[in-house]
Amino acid sequence: MLRHQINPLSWADTFLRALIPSFIADAIFSDHRKPTRLHPTSYLDGLRGIASVIVFFCHYTEDNYNSLTRSYNIADNDHPETATTGWIQLPFLRIIFSGRPMVHIFFVISGFVLSYKPIKAIHARDLDKCYTALSSSTFRRAFRLFGPCVASTFMIMCLQQMDLYPFRNPRATWTEQLMTWKRVVFTQITWPWAWDKDMMPGYDIHLWTIPIEFAHSMLLFMVILMLARTKLRIRQMAVLGLMGYCLSCGKWAGFEFLAGLFLAEVHVLKSAREQQSKEWESVAQEEDDDDLNKYGHREVRQGGGLVSLSTLKTVFCISLVILGLFVGGWPNHYADKTPGIRWFFAKTPMPFAKMDHLAPQKFWFGLCAVGTVWAVGELPLLKRFFEGSLAQYCGRISYAIYICHGPVLGLFQTYVFGSPFVPAQGEPGQDGYKVAVEAHGIKGMMGMENTTQKTMGWFLGLCVLGPVVVWAADVFMRAIDEPIVRIARKMENVCLDREAQPDQRPGGRRLEPGYSQAA
């Protein structure tokens with residue numbers, strides 16, 4: 001036994017498994033593979049995973065090839081030479097680096113996932129289970145969101161103080177650095193009630209969405225609690241009314257979370273109808289109803305032909321996805337000049353039209369995110385794709401990708417991309433003289449003179465940094481993210497007043513553990 005504990009091969013095996021990505025470890029070590037199963041909303045995990053990858057692509061592109069984020073062939077005012085015509089700038093294709101609409105998809109998915117189990121319990125007439133799910137999610141939400149961010153910013157802080165983080169100078173002392181980090185954590189990351197006052201947290205600016213996520217999770221739980229005992233139609237009308245109220249106030253995040261709640265209830269109702277339909281079909285398999293086709297869809301007669309309602313619904317859902325892909329390519333600048341987008345820009349309602357230059361896109365991103373999340377669940381082909389192994393893996397590491405991609409880019413992109421050749425400026429010995437910069441890195445190798453060179457450099461850099469981001473996210477997920485989730489569950493169990501649980505009360509019934517697996 002002792003020999004086994006100090007066996008260096010055993011230690012090496014453990015160390016190797018910890019360092020390599022989990023999908024590689026699954027392929028090498030058969031005992032490493034964890035059993036996985038799909039659940040009714042697994043496609044949302046896959047959608048969130050792909051969205052997180054696109055967010056990484058967005059920041060990667062903006063940091064290193066910002067000119068490619070312009071609309072196709074749109075130049076700065078009075079500077080026609082700034083127009084670029086890369087194929088990835090074309091409508092629909094540019095969604096690959098359009099990270100801003102992905103944030104809105106995150107919020108709709110969060111509203112859906114956080115609402116799903118409480119809403120199921122409400123429809124099962126089990127309010128005890130609903131309240132327990134809300135209590136559990138509320139207790140663990142801060143750990144789930146803030147814990148990984150505290151860990152990641154602490155690591156960034158240490159690297160900065162050791163002068164290992166490019167372009168960030170260390171503080172005079174470790175104490176000063178620690179106090180700065182504490183202020184960032186307390187006032188910019190974990191204090192969510194004034195999230196719209198400071199959206200640029202220190203150490204990692206990409207964490208600006210985390211306070212928004214937490215604040216609106218609490219709003220969502222409060223709305224579900226308020227409406228848990230109401231009638232179905234009253235609840236649905238109230239949620240729709242609150243969604244409209246949020247839009248009229250310019251609060252796009254509140255609209256998106258509540259839209260996720262509404263979609264969750266629609267999904268529960270649809271699942272109940274499908275289950276009921278299966279039961280009816282099993283009882284009356286031999287009956288022939290002229291108004292129903294063999295798949296159970298009612299048909300509408302038009303001009304002597306038959307047009308299935310399911311076909312009309314499929315066409316509508318495909319249209320929503322196409323619209324989302326187009327609007328998702330909304331540029332950060334010159335939306336009023338971009339063909340197609342300028343129509344949406346002109347039709348933006350108040351108050352979004354006048355809030356700030358990015359507010360119009362937030363309005364349309366929010367609407368399209370709701371439509372996309374709903375449509376993906378209604379289109380079998382897309383649903384199967386997001387339930388596939390690639391999308392599901394991205395979903396597993398989605399939060400880790402979101403947290404890790406910024407530090408990875410900050411640490412390595414300067415060295416990877418380098419610089420094209422820059423000739424000397426001025427005369428030696430004179431004021432303002434700058435020495436020539438030799439070409440190095442990907443930009444030096446590929447050049448930056450034309451759009452083709454930039455596009456090739458963009459793709460090559462992605463092949464270099466992409467695997468590093470995935471590896472870092474995978475390790476972060478297993479080393480920090482998942483342990484924090486487990487710790488939160490254990491803390492909840494330790495803190496529970498068992499005598500107050502429904503299964504401990506006279507006449508109460510035992511409830512299954514783990515009511516909510518909130519994203």
Side-chain angles (χ1 to χ4, degrees), residues 47 50-51 53-55 57-62 65-108 247 250 252-253 255-256 259 312-376 378-379 381-382 385 450-452 454-455 458-459:
L47 178 58
I50 298 300
V53 172
I54 293 177
V55 169
F57 287 179
C58 169
H59 295 140
Y60 161 83
T61 307
E62 290 179 346
Y65 293 96
N66 190 53
S67 62
L68 294 180
T69 65
R70 297 174 179 271
S71 294
Y72 187 87
N73 203 29
I74 299 296
D76 290 340
N77 295 328
D78 303 323
H79 294 282
E81 72 278 1
T82 60
T84 51
T85 55
W87 59 269
I88 60 174
Q89 297 173 263
L90 290 169
F92 300 106
L93 296 180
R94 61 185 291 114
I95 195 68
I96 194 173
F97 56 74
S98 298
R100 296 175 190 268
M102 301 304 120
V103 171
H104 299 261
I105 287 179
F106 288 155
F107 289 168
V108 176
L247 286 179
W252 46 273
F255 163 78
E256 291 158 9
L312 295 176
K313 182 179 179 182
T314 298
V315 171
F316 179 65
C317 290
I318 293 174
S319 301
L320 287 178
V321 173
I322 292 174
L323 178 64
L325 291 174
F326 179 76
V327 174
W330 191 300
N332 295 337
H333 303 286
Y334 302 117
D336 56 332
K337 295 182 178 180
T338 305
I341 297 296
R342 60 190 173 202
W343 183 89
F344 291 96
F345 181 83
K347 299 299 182 181
T348 304
M350 295 294 290
F352 291 93
K354 300 296 183 181
M355 287 169 56
D356 57 68
H357 77 285
L358 292 179
Q361 66 174 223
K362 292 175 181 176
F363 172 79
W364 293 108
F365 286 166
L367 292 183
C368 290
V370 176
T372 299
V373 171
W374 176 71
V376 166
E378 301 295 327
L379 296 172
L381 185 63
L382 280 181
F385 169 76
N450 56 59
T451 305
T452 300
K454 293 176 183 178
T455 305
W458 177 88
F459 179 76

(message) Does Phe92 have more than 12 heavy atoms from other residues, nucleotides or ligands lying within 6.0 Å of its CZ?
(response)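 More than 12 heavy atoms, drawn from other residues, nucleotides or ligands, come within 6.0 Å of this atom.
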
(message) Any side-chain to backbone donor/acceptor pair from Thr451 onto Thr84? Under 3.5 Å, distance only.
(response) no

(message) Please check this pair: side chain of Glu378 against backbone of Ala375, looking for a donor-acceptor N/O pair closer than 3.5 Å.
(response)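 No, because the side chain of Glu378 does not come within donor-acceptor range (under 3.5 Å) of the backbone of Ala375.
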
Just how far is it from atom [atom1] of [X] to atom [atom2] of [Y], taken to the nearest 0.5 Å?
X      : Y      : atom1 : atom2 : result
Ile88  : Leu93  : CD1   : CG    : 9.0 Å
Lys354 : Thr348 : NZ    : OG1   : 10.5 Å
Lys313 : Ile318 : NZ    : CD1   : 12.5 Å
Thr372 : Leu323 : OG1   : CG    : 7.5 Å
Leu381 : Thr314 : CG    : OG1   : 11.0 Å
Cys317 : Ile322 : SG    : CD1   : 11.5 Å

Check [X] against [Y] and note the closest heavy-atom contact, atom names and distance.
X      : Y      : value
Asp356 : Ala359 : OD1-N, 2.9 Å
Thr338 : Pro331 : OG1-CG, 3.5 Å
Leu367 : Phe255 : CD2-CZ, 3.7 Å
Leu320 : Gly371 : CD1-O, 3.9 Å
Leu68  : Arg94  : O-NH1, 4.5 Å
Ile95  : Met102 : CD1-CE, 3.9 Å

(message) Test ring pair (Phe, Tyr, Trp, His ring centres under 6.0 Å) on Trp364 and Phe344; report intermediate values, then the result.
(response) CA-CA 8 Å; Trp364 293 108; Phe344 291 96; 5.1 Å; yes

(request) Go through the structure and list residues passing ring pair (Phe, Tyr, Trp, His ring centres under 6.0 Å) with Phe352, not counting sequence neighbours. (result) Phe363

(message) For Leu358 and Arg100: C-alpha separation, side-chain torsions, deciding distance, then whether side chain to side chain contact (heavy atoms under 4.5 Å, CB included) applies.
(response) CA-CA 10 Å; Leu358 292 179; Arg100 296 175 190 268; 3.7 Å; yes

Would you say [X] and [Y] make side-chain contact, with heavy atoms under 4.5 Å?
X      : Y      : value
Arg70  : Asp76  : yes
Phe345 : Trp330 : yes
Pro101 : Ile105 : no

(message) Is the ring pair Trp458/Phe97 parallel, tilted or perpendicular, if the boundaries are 30 and 60 degrees?
(response)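 Judged by the thresholds at 30° and 60°, the geometry between Trp458 and Phe97 is perpendicular.
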
(request) Assess the side chains of Glu62 and Asn332: does a donor N or O sit below 3.5 Å from an acceptor N or O? (result) yes

(message) Between Thr61 and Asn66, does the side chain to side chain contact (heavy atoms under 4.5 Å, CB included) criterion hold? Intermediate values first, please.
(response) CA-CA 6 Å; Thr61 307; Asn66 190 53; over 6 Å; no

(request) Output yes when Glu256 and Lys362 qualify as a salt bridge under the 4.0 Å nitrogen-oxygen rule, no when they do not. (result) no

(request) Under the side chain to side chain contact (heavy atoms under 4.5 Å, CB included) rule, what do Asn450 and Lys454 come out as? Steps first, then yes or no, please. (result) CA-CA 6 Å; Asn450 56 59; Lys454 293 176 183 178; over 6 Å; no

(request) Cation-pi check, Lys337 to Tyr334: give yes when NZ or CZ is under 6.0 Å from the six-membered ring centre and within 45° of the ring axis, no otherwise. (result) yes

(request) Verify side chain to side chain contact (heavy atoms under 4.5 Å, CB included) between Ile96 and Ile54, making sure each step is shown before the conclusion. (result) CA-CA 6 Å; Ile96 194 173; Ile54 293 177; 5.7 Å; no

